[in-house]
Amino acid sequence: QVQLVESGGGLVQPGGSLRLSCAVSGSGSGFSINRMAWYRQGPGKQRDLVAVMASGSTTNYSDSVKGRFTISRDNGNDTVYLQMDSLKPEDTDTYYCMVVGGWRPSKQYNYWGQGTQVTVSS
């Protein structure tokens, strides 16, 4: 069973940095990851896309984090990272990683992490 385990959230002052990690486990052999992404969601709000990395390492970011956040991937460990710099109070949210992958190109599945809280406050 594929599981995504997130870590790295916490409390940071405005202007500070955090790095979130999301490790994919339980996939076994033959599992191919085609897209990895980070979303964030506040209480009572919809879940919004923050950053996405497609196969081939193409990346895209929401306008609110462009130039401050960087998504990256460690292929050897099937881990995706979100480096967050110049954090602002409005970045406070629960952050979720999402992976699209499968064992066949014709059958792809969405998997979600459990979420990690990021709080930016002085």
Side-chain angles (χ1 to χ4, degrees):
Q1 183 175 353
V2 177
Q3 290 187 317
L4 273 58
V5 179
E6 301 177 26
S7 60
L11 173 65
V12 64
Q13 292 188 341
S17 298
L18 281 176
R19 188 175 84 152
L20 306 183
S21 300
C22 175
V24 181
S25 64
S27 59
S29 62
F31 186 81
S32 176
I33 296 172
N34 291 309
R35 190 161 70 246
M36 308 182 90
W38 288 94
Y39 287 74
R40 65 186 182 187
Q41 185 175 24
K45 297 182 180 179
Q46 69 179 20
R47 192 169 294 187
D48 293 326
L49 178 66
V50 173
V52 59
M53 174 178 280
S55 59
S57 299
T58 302
T59 58
N60 276 295
Y61 299 91
S62 67
D63 288 342
S64 62
V65 307
K66 202 171 292 184
R68 300 187 297 121
F69 290 11
T70 304
I71 187 171
S72 62
R73 174 180 174 179
D74 182 338
N75 288 327
N77 293 323
D78 278 346
T79 301
V80 62
Y81 303 97
L82 185 68
Q83 178 66 39
M84 305 185 294
D85 299 318
S86 302
L87 282 161
K88 305 175 181 179
E90 51 263 44
D91 295 317
T92 296
D93 264 330
T94 301
Y95 285 71
Y96 297 88
C97 67
M98 191 274 284
V99 163
V100 178
W103 293 266
R104 298 184 219 169
S106 58
K107 279 218 171 219
Q108 299 289 296
Y109 303 91
N110 292 353
Y111 301 94
W112 290 91
Q114 80 281 8
T116 186
Q117 179 66 35
V118 171
T119 303
V120 185
S121 175
S122 55

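Positions are given from 1 along the sequence. Only heavy atoms go into these numbers, but all of them, side chains included; no hydrogens, no water, no symmetry mates.
Side-chain contact between Arg40 and Val65: present, with at least one pair of heavy atoms (C-beta onward) separated by less than 4.5 Å. Residues Phe69 and Leu18 fail the side-chain proximity criterion, which asks for heavy atoms closer than 4.5 Å. A heavy-atom distance below 4.5 Å is not found between the side chains of Tyr96 and Leu4. Side-chain atoms of Ser62 and Leu49, non-hydrogen and from C-beta on, never get closer than 4.5 Å to each other. Under the 4.5 Å side-chain criterion, counting only non-hydrogen atoms from C-beta, Trp112 is in contact with Arg47.
Without hydrogens or angle criteria, Tyr61 side chain to Ile71 main chain gives a donor-acceptor distance under 3.5 Å. Judged purely by atom type and a 3.5 angstrom limit, Thr92 uses its side chain to pair as donor or acceptor with the backbone of Val120. A distance-only check finds a donor-acceptor pair linking the side chain of Arg68 to the backbone of Ser86 [under 3.5 Å]. The backbone N or O of Gly42 sits less than 3.5 Å from a side-chain atom of Asp93, completing a donor-acceptor pair.
The CG atom of Leu82 lies 10.5 Å from the CE atom of Met53; values are rounded to the nearest 0.5 Å. Between atom CD of residue Gln3 and atom SG of residue Cys22 there is a gap of 11.5 Å, rounded to the nearest 0.5 Å. Between Glu6 atom CD and Cys97 atom SG the span is 4.0 Å, to the nearest 0.5 Å. We find the CD1-CD distance between Ile33 and Gln108 to be 10.5 Å, quoted to the nearest 0.5 Å.
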